[in-house]
Protein chains: 2
Amino acid sequence: MTKQIPDIVVGRLPRYLQALEHMQKDGFMTTSSKELGANLGISAAQIRKDLSQFGGFGKQGMGYSIQSLINQLRSILHVNQSWKLALVGIGDLGNALARYQGFTSRGFHIVLAFDIDPEKIGGKIGNIEIMDAAKIAEEVRKNDVKIAMLTVPSTAAQNIAVELVKGGVLAILNYAPISLSLPDHVHVEYVDPIVKLQHMTFYL
Amino acid sequence: MTKQIPDIVVGRLPRYLQALEHMQKDGFMTTSSKELGANLGISAAQIRKDLSQFGGFGKQGMGYSIQSLINQLRSILHVNQSWKLALVGIGDLGNALARYQGFTSRGFHIVLAFDIDPEKIGGKIGNIEIMDAAKIAEEVRKNDVKIAMLTVPSTAAQNIAVELVKGGVLAILNYAPISLSLPDHVHVEYVDPIVKLQHMTFYL
DNA sequence: TAGATTGTTAATCGATTAACAATC
DNA sequence: TAGATTGTTAATCGATTAACAATC
């Protein structure tokens, strides 16, 4: 049986990767757990512990090769490949996400877009056609899309999510401010600025 | 000395509030830790423990008054008042955030907008003027703004954040994919879809 | 070699869960 | 009253940190 990796550790790996990619862009070749930790506001011990869950990637006395650690993390996170995304809800936020260059450059390609507004259906966003949300399950399955981003009103989110799952979607990035009830095998991450703002106002 | 509340508990309170507001909208008057937990995918025991940090808000055998718990949580989170926000970076995402109705309805009002693009400076977004980012510290202080949202390229984020802090900003919602180095008294929350997507692809 | 930094173990710290008396 | 559910304590579980031998 595969060793169980704590989800909280998995959640830190993308931030390690992000920081390493910045360091590489800035021309650095190697780093240490101490330096990476200082960059991210995380203890050096925690970084070493997290990484050691997957193997020994560093050298005593020398630290880590940035390129090599980037490659390892990409492989661990399964982002050393490209992923197809579906985008549901082509309002202001959906439009902003569709235009964001960061997805493509990281291997996430929006290949399907859906809305329920007849005015929008048939139109284009970038070079893909906006389709009727009624076709979600069918199209998602046909295109073998496993990841979706949901930017619809919260009243619609649960039903749309169910359709996505019917089509075979396994991971949903949910921008709607509501908790989704889905089968356990589906991974959901929430992005809600209000939740984050209210977290901070506690301290003000 | 005030009892110390774990940050992880504080982070869950906005989600409790969100769920309670939905329940209220759906016409419910009372709920229980069991029901709220089922809604959020959190154990009933954890919800009771979290709430009990702040006082006894429920009645044995009866559960919680939704209205009363909403009021309590709003008070605890300091969102029973309105907050002024500064928005820095008026690209696609900045525009989408400026148009989002959810901020205003939750008491978060964008009162300042900044960019560095001369084409944008002097223009309007909604009914506020886009100002030169060079004036951030000055304007933020003059308007007594304590919270900012940062939607600038990651190369600019650190410098802009420093200007915001100079102006007296205490909380930053950072959409730029980079870790900010700021004094300890400044609260920073990160919103990066790539980080969330990469978290999920680990499991795919 | 001497210095630096890893990988790992053990100790500490903190968070979650289980259980139940209190009580509405 | 009988049933339900809270608030809280103690037990369990998990995560972080400190420390250091190994070694580049």
Side-chain angles (χ1 to χ4, degrees), chain A residues 1-16 19-20 23 28-73 76 179 184 199 202, chain B residues 1-16 19-20 23 28-73 76 179 184 199 202:
Chain A
M1 183 177 155
T2 307
K3 183 175 46 171
Q4 182 59 37
I5 307 293
D7 184 66
I8 197 164
V9 172
V10 177
R12 283 191 290 261
L13 301 183
R15 298 198 59 222
Y16 297 171
L20 288 162
M23 288 175 177
F28 295 93
M29 305 300 283
T30 63
T31 189
S32 65
S33 59
K34 190 178 165 192
E35 185 179 55
L36 189 55
N39 193 300
L40 290 163
I42 288 176
S43 78
Q46 182 163 80
I47 288 175
R48 291 201 302 278
K49 190 106 207 289
D50 286 355
L51 295 177
S52 74
Q53 303 257 12
F54 303 95
F57 302 139
K59 287 207 181 108
Q60 284 99 326
M62 315 258 70
Y64 301 87
S65 151
I66 289 174
Q67 179 64 66
S68 156
L69 194 48
I70 286 174
N71 291 345
Q72 294 284 357
L73 286 171
I76 290 164
S179 289
D184 284 348
H199 185 161
F202 174 84
Chain B
M1 181 177 157
T2 307
K3 182 177 43 170
Q4 183 59 35
I5 307 294
D7 184 66
I8 198 164
V9 172
V10 176
R12 283 191 291 261
L13 301 182
R15 298 199 60 221
Y16 297 171
L20 289 162
M23 288 174 176
F28 295 93
M29 306 299 284
T30 61
T31 189
S32 64
S33 59
K34 190 179 163 191
E35 185 179 56
L36 189 54
N39 193 300
L40 289 164
I42 287 176
S43 79
Q46 180 162 81
I47 287 175
R48 292 200 302 279
K49 189 109 209 287
D50 284 355
L51 295 177
S52 74
Q53 303 257 14
F54 303 95
F57 302 139
K59 288 207 179 107
Q60 284 100 325
M62 316 258 68
Y64 302 86
S65 153
I66 289 173
Q67 180 64 66
S68 156
L69 193 49
I70 285 174
N71 291 345
Q72 294 284 357
L73 287 172
I76 291 164
S179 290
D184 283 349
H199 184 161
F202 174 84

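Numbers restart at 1 for each chain; the letters A, B, ... are given by sequence-line order, proteins then strands.
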Does any non-hydrogen side-chain atom of [Y] lie less than 4.5 Å from one of [X]?
X: B:Ile42; Y: B:Tyr16; result: yes
X: B:Leu69; Y: B:Leu51; result: yes
X: B:Asp7; Y: A:His199; result: yes

Trace of the side chain to side chain contact (heavy atoms under 4.5 Å, CB included) decision for B:Phe57 with B:Leu73: CA-CA 10 Å; B:Phe57 302 139; B:Leu73 287 172; 5.7 Å; no
Residue met sooner reading DNA chain D from 5', once A:Ile8 and A:Gln60 are mapped to nucleotides: A:Ile8
Nearest-nucleotide 5' precedence on DNA chain D, A:Lys59 against A:Ser43: A:Ser43
Terminal contacting nucleotides, 5' and 3', DNA chain C versus chain A (heavy atom, 4.0 Å): C:dA4 to C:dT9
Separation of [Y] [atom2] from [X] [atom1] (nearest 0.5 Å):
X: A:Asn71; Y: A:Gln67; atom1: CG; atom2: CD; answer: 4.5 Å
X: A:Met23; Y: A:Ile66; atom1: CE; atom2: CD1; answer: 6.0 Å
X: A:Arg12; Y: A:Asp50; atom1: CZ; atom2: CG; answer: 4.0 Å

Strand DNA chain C as a dot-bracket string - pairs counted if Watson-Crick or G-U with both distances under 3.5 Å, | where the partner lies in another strand: ..||||||||||||||||||||||
Derivation of the side chain to side chain contact (heavy atoms under 4.5 Å, CB included) call for A:Leu20 and A:Tyr64: CA-CA 10 Å; A:Leu20 288 162; A:Tyr64 301 87; over 6 Å; no
Sugar-phosphate, base or nothing in reach of B:Lys34, heavy atoms under 4.0 Å: nothing
